[in-house]
Q: 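Provided herewith is a single structure, encoded as structure tokens, for subsequent inquiry.
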Amino acid sequence: MTQTIQSFREYHPAALLLYCSAPIFCTMITTNPMVIVLSMVCGSIVGIFLAGRRVFVRALFPIVLLFLITVLFNFLTNHNGRTILFVIGHFRFTLEALLFGLSMGGMLMGVFIWSINFTHLISSEGILALLGPRLPVVGLVLSMILKMVPETIRKYRELSDSGKALGIGSPENQTGK
């Protein structure tokens, strides 16, 4: 299976860009819940194959948090709708606002899942190959950003592990002094 994934990464960067941008575009332009759920499920399956289950689930945590914030924010601020669930003061909380928040949160989640897949498929050299002839400065900046993010995460984990080994930052050493 890893050989298949490795050969998939060796395709031309334009084909990989089209492969990842098509579901991102379809997810962004629709409000159909079935299309959004299908995009999230397919993106998750592809993400698990590309990055592995543990890495993908770890990357999914902030996306789920964003989903919950989006749903909650829309439910609390949008008071339009016919099906009133409950009323607090002069604010109406409606089923339609909740469903719309779920739809928009799912759309964001689907787009971010496919964006994660994009970063696992296309390397910084692929970005340079795509944007180099037309937009060399933009291609260089994007490739540098894509290269620095994993290095920064790796360095943070090294420093965190070193701090834990030295007893710095552990809860038992912080007595409030």
Q: Taking W114 for its side chain and C42 for its backbone only, find out whether a donor-acceptor pair lies under 3.5 Å.
A: no
Q: Look at atom CZ of F75 and say whether more than 12 heavy atoms of other residues, nucleotides or ligands are closer to it than 6.0 Å.
A: yes
Q: Quick one: closest heavy-atom pair of M107 and M28, and the distance?
A: SD-O, 3.7 Å
Q: Check the surroundings of atom CZ in F100: do more than 12 heavy atoms from other residues, nucleotides or ligands lie under 6.0 Å from it?
A: no
Q: Not counting sequence neighbours, which residues clear side-chain hydrogen bond (donor to acceptor under 3.5 Å, both in side chains) with T31? List them please.
A: none
Q: If we only count heavy atoms from C-beta on, is the I88 to F93 side-chain gap below 4.5 Å?
A: yes
Q: What is the distance from atom CG of L50 to atom OG1 of T119, rounded to the nearest 0.5 Å?
A: 9.0 Å
Q: Please report the C-alpha distance between L98 and N78 in whole Å, then the side-chain angles of each, then the deciding distance to 0.1 Å, and finally whether the side-chain contact (heavy atoms from CB on, under 4.5 Å) criterion is met.
A: CA-CA 9 Å; L98 179 64; N78 185 359; over 6 Å; no
Q: Say whether, by atom type as modelled, one donor and one acceptor occur between the side chain of R92 and the main chain of I84 under 3.5 angstrom.
A: no
Q: Return the minimal non-hydrogen interatomic distance between N32 and T30, and the atom names on each side.
A: N-OG1, 3.0 Å
Q: Quick one: closest heavy-atom pair of A59 and P62, and the distance?
A: O-CD, 3.4 Å
Q: When rounded to the nearest 0.5 angstrom, what distance separates CD1 in I168 from OG in S160?
A: 11.0 Å
Q: Do any N or O atoms from the side chain of S103 and from the backbone of L99 form a donor-acceptor pair under 3.5 angstrom?
A: no
Q: Counting N and O atoms only, with roles assigned by atom type, does the side chain of N80 sit under 3.5 Å from a partner on the main chain of A97, one being a donor and the other an acceptor?
A: no
Q: In this structure, would I48 and M40 fall into the same cluster of hydrophobic residues linked by side-chain contacts under 4.5 Å?
A: yes
Q: For the residue pair N117 and G47, what are the closest heavy atoms and their distance?
A: OD1-CA, 3.0 Å
Q: Could you tell me whether the side chain of H120 and the main chain of A51 form a donor-acceptor pair under 3.5 Å?
A: no
Q: Report the distance from atom CE of M104 to atom CG of N74, rounding to the nearest 0.5 Å.
A: 8.5 Å
Q: Could you see if L95 belongs to whatever hydrophobic cluster contains F86? Use Ile, Leu, Val, Met, Phe, Trp, Tyr and a side-chain cutoff under 4.5 Å.
A: yes
Q: Is any side-chain N of the basic residue among K155 and E151 closer than 4.0 Å to the acidic one's carboxylate O?
A: no
Q: Count the heavy atoms belonging to other residues, nucleotides or ligands that lie under 6.0 Å from OH of Y156, then report whether that count exceeds 12.
A: no
Q: Is it possible for you to say whether I113 and V64 belong to one hydrophobic cluster, with membership spreading through side-chain heavy-atom contacts below 4.5 Å?
A: yes
Q: When rounded to the nearest 0.5 angstrom, what is the spacing between CZ in F61 and CG in L66?
A: 12.0 Å
Q: Side-chain heavy atoms nearer than 4.5 Å, only ILVMFWY residues, links allowed to pass through others: does that put L108 and L72 together?
A: yes
Q: Set out, in order, the CA-CA distance, both residues' side-chain angles and the distance that settles side-chain contact (heavy atoms from CB on, under 4.5 Å) for F118 and L17, then state yes or no.
A: CA-CA 7 Å; F118 177 76; L17 176 68; 3.6 Å; yes
Q: Could you grab the distance from atom CE of M109 to atom CG of L68, nearest 0.5 Å is fine?
A: 8.5 Å
Q: Would you compute the distance between atom CZ of F67 and atom CG of L60 and round it to the nearest 0.5 angstrom?
A: 11.0 Å
Q: Does any part of the side chain of T94, heavy atoms only, come nearer than 4.5 Å to the side chain of L85, both counted from C-beta?
A: no
Q: So does V35 get a backbone contact from the side chain of S39, meaning a donor-acceptor N/O pair under 3.5 Å?
A: no
